[in-house]
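Structure record follows, encoded as structure tokens.
Every value quoted in this text rests on a predicted model; they were computed, and no experiment measured them.
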Protein chains: 2
Amino acid sequence: MSSTATHTKRRRAPLSRERVLRAAVALADERGIEELTMRKLAKELGVEAMSLYNHVAHRGDLLDGMIDLVFGEIDPPAAGGDWKAELRKRAVSTRAALLRHRWAVGQMEGRTSHGPANLKVHDAILGCLRAAGFSIEMTVSAMSMQDAYIYGFALQQTDMSSQTPEDFAAVAQQQMVDYAEALADYPNLVEVVGGHVAKAGYDYEAEFLFGLDLILDGLERRLSAR
Amino acid sequence: MSSTATHTKRRRAPLSRERVLRAAVALADERGIEELTMRKLAKELGVEAMSLYNHVAHRGDLLDGMIDLVFGEIDPPAAGGDWKAELRKRAVSTRAALLRHRWAVGQMEGRTSHGPANLKVHDAILGCLRAAGFSIEMTVSAMSMQDAYIYGFALQQTDMSSQTPEDFAAVAQQQMVDYAEALADYPNLVEVVGGHVAKAGYDYEAEFLFGLDLILDGLERRLSAR
DNA sequence: ACCTGAACACCGTTCAAGT
DNA sequence: ACCTGAACACCGTTCAAGT
């Protein structure tokens, strides 16, 4: 058809859904979700925006695919072993994936389609809980609760620009200054944030584990109280 | 200045930040957050888009203001009474506010400014926990954990179009059909969702309270174990 | 089968101009 | 002080046309 001379332009790996999704995740990770537009993504791939529609149905489909790539990074828990340790590992690994891809948790709202990686992880969680001896009803409750906590914690962590305890302390200190004239209305914030957090900071990892272990302990108690 | 004859057009209440924010919340509630554009909001208020910029700095400022209106609907817990009952009431009231305004939880990601209603509720939570006898460190952990759970649960509830247990069962049933050929890979989903949820449904309210009480009980246990 | 140019119907925001 | 028209630099998506 076309002579070899006509396309001396830089060779491009052919587009595929996989390649589009991976490029989209990379772009959102690096520049934020609001910078992820069909046009910019296409440019990143050396192609025009309209070509993307050969591989994703629309922007919502793109986001569904991206989110399932994030789920693919989660370690699914094994069934039959130490269920608490397995679920703890999965929770930590989920949080890590959501931290690597900070845009992800904010995009889960309203998204009703669930990809295969999502289904696989949740199937494994259900299997782990059932093997541990939880009733079907308790299994549903236990999984919902853990997901709510994990996603909610990740959501909160995007609320603050600071990530290390020291950063957090600095931000808290600055906020005490910024809100100075209103502080009389918030005596407990002054005591707890001004008096403690602004000095000691806030350790996201430790706080996450505190709540996670409280939940797992509570579930274990309800399991043995049957 | 201008004669009375020159503006016989329909009298409009003058714009104000308050009026702009309330109209924005109403529009987002009714038509969804993606329908909330500066132009459509302006039209709703009988004005041009550019007039809004006299009352909000930009779209992000608009969203910050809207979210603080949602926080204003939350019952703050009282300090000194039955702390578990107070915090339970606050959690239920927060969830109710987030259900009335389904767009809200998805907009919390990355939002770093906190309005007065937000600060007021959180000050009250801290006060309640301190009065109950929690150390400053535990107070921080307890509040973070409750917020994470509440927001995360609300986020999950936007993932499903169905709200009543019966709706949920119908959706679960349909999904079993849709995913039929992949179901061999997910034996636990088949057992738990196919065998139970698709029949009994899923009661969001009951599930929320299950996790909430597990958390409050766990916190109480850690309080008395000091 | 896959890619593209042009076009459509939108966005948020700015700026100078009106009252 | 508050509102607006026109404009700028974008969006997602469709469609007919190219190879």
Side-chain angles (χ1 to χ4, degrees), chain A residues 1-25 27-28 31-67 103 106-107 110-111 113, chain B residues 1-25 27-28 31-67 103 106-107 110-111 113:
Chain A
M1 291 293 193
S2 57
S3 83
T4 52
T6 55
H7 42 67
T8 48
K9 36 179 67 174
R10 202 180 293 102
R11 265 262 149 272
R12 293 232 148 255
L15 235 45
S16 68
R17 181 166 230 266
E18 182 75 10
R19 240 167 68 73
V20 169
L21 295 179
R22 295 212 175 276
V25 167
L27 204 161
R31 297 202 252 151
I33 192 75
E34 71 288 345
E35 287 281 303
L36 176 71
T37 67
M38 300 304 268
R39 284 165 155 96
K40 285 175 185 160
L41 174 57
K43 179 162 283 176
E44 208 72 21
L45 288 160
V47 103
E48 298 301 316
M50 307 75 205
S51 307
L52 301 175
Y53 289 92
N54 288 308
H55 302 99
V56 296
H58 46 254
R59 194 169 191 277
D61 182 36
L62 178 71
L63 284 168
D64 282 337
M66 292 168 67
I67 288 178
W103 48 270
Q107 299 306 311
R111 210 143 292 284
S113 115
Chain B
M1 291 295 196
S2 57
S3 82
T4 52
T6 57
H7 40 67
T8 47
K9 39 180 63 172
R10 205 178 293 100
R11 263 263 150 269
R12 292 232 148 254
L15 237 45
S16 67
R17 181 167 230 267
E18 182 75 10
R19 240 167 67 75
V20 169
L21 295 179
R22 295 210 175 278
V25 167
L27 203 161
R31 296 202 251 152
I33 192 73
E34 70 288 346
E35 287 281 305
L36 176 70
T37 68
M38 300 302 268
R39 284 165 155 97
K40 285 175 185 159
L41 174 57
K43 179 161 284 178
E44 208 72 20
L45 288 160
V47 104
E48 298 300 315
M50 308 75 205
S51 306
L52 301 175
Y53 289 91
N54 288 308
H55 302 98
V56 297
H58 45 254
R59 193 169 191 276
D61 183 36
L62 178 71
L63 284 168
D64 282 337
M66 291 168 68
I67 286 177
W103 48 270
Q107 299 307 308
R111 210 144 290 284
S113 117

From [atom1] of [X] over to [atom2] of [N], roughly how many Å is that when rounded to an integer?
X       : N      : atom1 : atom2 : value
A/Lys43 : D/dG12 : NZ    : P     : 13 Å
A/Arg39 : C/dC10 : CZ    : C1'   : 11 Å
B/Glu35 : C/dG12 : CD    : C1'   : 16 Å
B/Glu34 : C/dG12 : CD    : C1'   : 17 Å
B/Leu36 : C/dC10 : CG    : P     : 16 Å
B/Met38 : C/dC10 : CE    : P     : 18 Å

From [X] atom [atom1] to [Y] atom [atom2], the distance as rounded to the nearest 0.5 Å:
X        : Y       : atom1 : atom2 : answer
B/Leu52  : B/Arg59 : CG    : CZ    : 11.5 Å
A/Arg17  : A/Asn54 : CZ    : CG    : 12.5 Å
A/Gln107 : A/Leu63 : CD    : CG    : 5.5 Å
A/His55  : A/Leu21 : NE2   : CG    : 10.5 Å

Next item on the list: Would you mind building the protein contact string for nucleotides 1-6 of chain D? One character per nucleotide, 5' to 3', B for base within reach (heavy atoms under 4.0 Å), S for sugar-phosphate only, - for untouched.
Entry: -SBBBB
Show the nearest heavy-atom pair for residues [X] and [Y], with the distance to one decimal.
X       : Y        : result
A/Val56 : A/Val20  : CG1-CG1, 4.3 Å
A/Ala28 : A/Met66  : CB-CE, 3.9 Å
A/Asp64 : A/Ser113 : OD2-OG, 3.4 Å

Checklist line | Range-with-range stems for DNA chain D, at least three Watson-Crick or G-U pairs under 3.5 Å | finding: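 C:4-8 with D:12-16, C:12-16 with D:4-8 - these are the stems of 3 or more pairs that involve DNA chain D.
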Item checked: With A/Glu35 via salt bridge (Lys or Arg N to Asp or Glu O under 4.0 Å) - residues at least two apart ->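 Residues passing salt bridge (Lys or Arg N to Asp or Glu O under 4.0 Å) with A/Glu35: A/Arg31, A/Lys40.
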Note to self: Whether A/Lys40 contacts D/dC10 is assessed here as follows: a side-chain N or O lying under 4.0 Å from the phosphate OP1 or OP2. Is that the case?
What the structure shows: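 Looking at the OP1 and OP2 atoms of D/dC10, neither is under 4.0 Å from any side-chain N or O of A/Lys40.
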